[in-house]
Chemist: 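Would you mind keeping the following structure in view while I ask a few things?
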Number of protein chains: 2
Amino acid sequence: MRTSIREVARRAGVSVGTVSNVLNRPDLVADATRDRVKAVIEELGFVRNEAARSLRQGAGRTLGVIVEDIANPYFTDVARGAEAALNAGGFDAIWCTSDGSPEKERRCLDFLEEQGVSGIIMTPVALDAARVARLRTRGLPVVLIDRRIPGAGACSVAVDHVAGGSLAMRHLISLGRTRVAFVSAEPEPPSVRQRRGGALRSLARAGYSSDSVLYVAEAEMTANAGQLAARRLLDHGTLPNGIFCANDLMAIGLVNELTRNGVKIPQDVAVVGYDDIDLASTAVVPLTTVSQPRRELGRIATELALTDADNRHVVLGPELVVRESAS
Amino acid sequence: MRTSIREVARRAGVSVGTVSNVLNRPDLVADATRDRVKAVIEELGFVRNEAARSLRQGAGRTLGVIVEDIANPYFTDVARGAEAALNAGGFDAIWCTSDGSPEKERRCLDFLEEQGVSGIIMTPVALDAARVARLRTRGLPVVLIDRRIPGAGACSVAVDHVAGGSLAMRHLISLGRTRVAFVSAEPEPPSVRQRRGGALRSLARAGYSSDSVLYVAEAEMTANAGQLAARRLLDHGTLPNGIFCANDLMAIGLVNELTRNGVKIPQDVAVVGYDDIDLASTAVVPLTTVSQPRRELGRIATELALTDADNRHVVLGPELVVRESAS
DNA sequence: ATGAAAGCGCTAACAA
DNA sequence: TTGTTAGCGCTTTCAT
């Protein structure tokens with residue numbers, strides 16, 4: 001059986017209230033008493049029962065974080081940024097993984113609500129406005145990463161993907177690579193669609209027709225999917241001279257497959273990724289990519305969640321990181 | 001304010017006990033009543049307060065999982081395996097990340113204990129036997145992944161790393177690659193030391209001197225560290241003709257760097273990794289590696305945790321996956 | 001089949 | 001400065 005505050009009180013010869021004070025407002029307790037109680041706590045290895053605490057207080061000191069895919073370095077980096085900020089603020093994080101499934105996302109939300117978290121940070125998959133609105137009415141701050149749900153009162157932190165796509169495309173254009181392919185996923189996440197939109201617009205603005213833009217979509221956004229995309233492009237006949245991938249993982253799989261087939265990067269094809277994950281800089285051909293301030297994203301999300309702001313939307317600027325794969 | 005069971009009871013015109021029964025033992029409740037209560041629950045979006053529930057019941061239906069490094073695909077795969085099994089058993093997981101820091105590990109344990117989890121699965125960093133023993137006395141099952149702590153009563157699930165290292169080395173030997181380097185980390189995790197031990201023994205058994213085995217250690221076990229190791233080997237003068245890396249991430253960074261420098265893999269150097277992460281098969285040179293049944297590892301850990309076994313130790317067998325990098 | 005009520009461990013308001 | 005106590009929301013036992 002777990003030792004309770006009562007047992008500590010008994011052994012220290014004080015009341016439960018005093019033990020509670022030692023735990024929560026030590027300055028109210030006389031030095032001698034405090035030391036004695038602390039010694040007993042230490043001796044017994046007492047750990048406060050958080051269930052009772054948050055039941056009593058009505059709110060815990062934990063935030064829920066729902067991540068779409070734990071295997072994707074992009075998400076894990078955002079998560080780390082969030083956790084760091086959160087710990088700094090004396091909070092703890094409860095992680096959940098939605099695995100991109102709306103069903104699992106619902107389960108995660110239920111779980112977090114049951115746990116009585118005092119805020120939720122998430123990368124939404126198929127979140128409906130009603131559910132968010134309900135959370136908001138309950139006084140739960142909800143911060144969405146990289147997506148907005150209009151009219152639900154939730155905050156969001158996002159990167160300007162249109163700008164990011166534009167950045168990537170303008171770089172390809174500056175290298176004279178205007179016969180481009182866009183490697184994406186189907187269904188295409190909103191953020192990726194925005195990147196593509198920004199890219200196409202830049203192409204058009206530079207006076208090039210976007211008719212010739214190849215669109216390759218795979219089922220996922222993994223290295224494996226990138227490899228499949230590369231195979232498809234190779235089979236297609238003539239290769240484009242520039243490729244913009246939906247994310248770095250895909251770019252890595254694609255670059256590897258192209259390299260294996262004797263395609264020279266960037267000479268034959270310039271490749272641009274998105275995210276600037278750790279692996280990007282150590283790829284066979286170090287990857288030119290669009291950097292998203294991921295840790296920062298997590299940090300700001302945490303701040304919004306902790307301040308319980310309403311309807312605040314922060315947009316961060318992406319940055320082009322030029323490496324060998326497109327230079 | 002969160003709606004409570006009382007509010008549901010009031011609106012449905014029943015007592016709180018009945019609502020509780022609808023939630024937990026629906027068969028005890030008359031059909032009509034049950035439907036009415038369920039309708040109200042739906043309408044109000046009622047979510048059970050888990051704090052109160054587990055306070056009352058003394059134990060929750062959640063397990064704590066402490067992962068060393070959320071960015072390492074090895075751990076995330078184990079975690080996924082664990083979560084799947086756990087959900088199947090009607091449990092939920094609370095994740096924590098120790099980031100390889102003993103200090104943070106302690107915090108995670110405190111947090112999980114406070115949360116009242118009914119078991120802990122972890123990849124220990126610097127866990128002391130006393131702490132584990134205390135958890136065990138409290139009736140908390142503790143399952144360690146890939147490490148044992150003698151005499152604390154905790155269970156463990158591990159892969160036979162000596163066998164794994166041996167597998168890798170014997171394969172290199174069969175390819176005639178006996179001038180080998182071992183790429184590791186400093187400090188060297190026990191599991192990696194075992195792999196190296198197995199490898200060296202196989203070398204000796206095959207009648208080769210292990211004097212010439214190069215030992216390269218970096219600070220981490222990341223792709224970046226692998227790249228640094230490759231640089232070191234390149235600077236060293238003559239390259240070995242076989243390299244065994246402590247894990248796939250290092251192997252990937254190393255293979256990339258070697259490839260960039262015109263080293264042909266496997267012709268000039270054969271490379272073997274460890275883990276068989278997703279990226280291994282799509283690497284520029286698809287990676288020969290030792291596969292650990294990671295999901296399985298997670299699954300078994302969960303089972304041990306849920307059955308509250310004592311001192312049970314499961315050892316799984318690794319498997320050699322031959323791909324181009326050593327063939 | 002349903003209701004009434006005790007009590008899980010803790011915090012905070014109040015009393016001493 | 002310390003003690004006493006109500007009550008957070010729920011489950012469960014015992015009546016009805």
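First the proteins, then the strands, lettered A, B, ... as listed; each starts at 1. Excluded from the calculations below are hydrogen atoms, water molecules and symmetry mates; all remaining heavy atoms, backbone and side chain alike, are included. Bear in mind that the values here come from a model prediction, so they are computed numbers and not experimental data.
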Chemist: Would you call A:D35-A:K38 a salt bridge at under 4.0 Å N-O?
Modeler: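 Salt bridge between A:D35 and A:K38, a charged N being under 4.0 Å from a carboxylate O: no.
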Chemist: Answer yes when A:R11 and A:E7 have at least one side-chain N-carboxylate O distance shorter than 4.0 Å, and no when they do not.
Modeler: yes
Chemist: Using whole Å, what does the distance between atom P of nucleotide C:dT2 and atom CG of B:L28 come to?
Modeler: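 Spelled out: CG on B:L28 to P on C:dT2 is 10 Å.
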Chemist: Salt bridge or not between A:D69 and B:R80? Use side-chain N to carboxylate O under 4.0 Å.
Modeler: yes
Chemist: Please list, pair by pair, any protein nitrogen or oxygen found under 3.5 Å from a nitrogen or oxygen in nucleotides 12-16 of chain D.
Modeler:
residue : atom : partner : partner atom : Å
D:dT12  : OP1  : B:Q57   : OE1          : 3.2

Chemist: Let me know the distance between CZ of A:R6 and P of D:dT4, rounded to the nearest Å.
Modeler: 13 Å
Chemist: Whole-Å distance between D:dG9 P and A:R138 CZ?
Modeler: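 Atom CZ in A:R138 sits about 13 Å away from atom P in D:dG9.
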Chemist: Would you say that A:W95 contacts A:I70 through its side chain, given a criterion of any heavy-atom pair below 4.5 Å between the two side chains?
Modeler: no
Chemist: Report the distance from atom CD of A:Q292 to atom CG of A:N247, rounding to the nearest 0.5 Å.
Modeler: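 The CG atom of A:N247 is 9.5 Å from CD of A:Q292, to the nearest 0.5 Å.
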Chemist: May I ask you to decide whether A:R131 forms a salt bridge with A:E113, counting only side-chain N to carboxylate O separations under 4.0 Å?
Modeler: yes
Chemist: With heavy atoms under 4.0 Å as the rule, sort A:V19 into base, sugar-phosphate or nothing.
Modeler: nothing
Chemist: Could you check which residues of residues 30-55 of chain B get a heavy atom under 4.0 Å from DNA chain C? Sort them by number, please.
Modeler: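 Within this stretch, B:A30, B:T33, B:L55 sit under 4.0 Å of the strand.
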Chemist: Does a side-chain heavy-atom distance below 4.5 Å link A:I121 with A:I145?
Modeler: yes
Chemist: Do any side-chain nitrogens or oxygens of A:S4 fall under 4.0 Å of OP1 or OP2 in C:dG9?
Modeler: no
Chemist: Would you mind reading off the distance between B:I5 atom CD1 and C:dG3 atom P, rounded to a whole angstrom?
Modeler: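 Between P of C:dG3 and CD1 of B:I5: 12 Å.
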Chemist: In whole Å, what is the span from the CZ atom of A:R10 to the P atom of D:dT2?
Modeler: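 It works out to 19 Å between those atoms.
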Chemist: Apply side chain to side chain donor-acceptor pair (under 3.5 Å) to residues A:R48 and A:N24 and explain how you reach the verdict.
Modeler: CA-CA 11 Å; A:R48 165 182 30 230; A:N24 303 302; 3.0 Å; yes
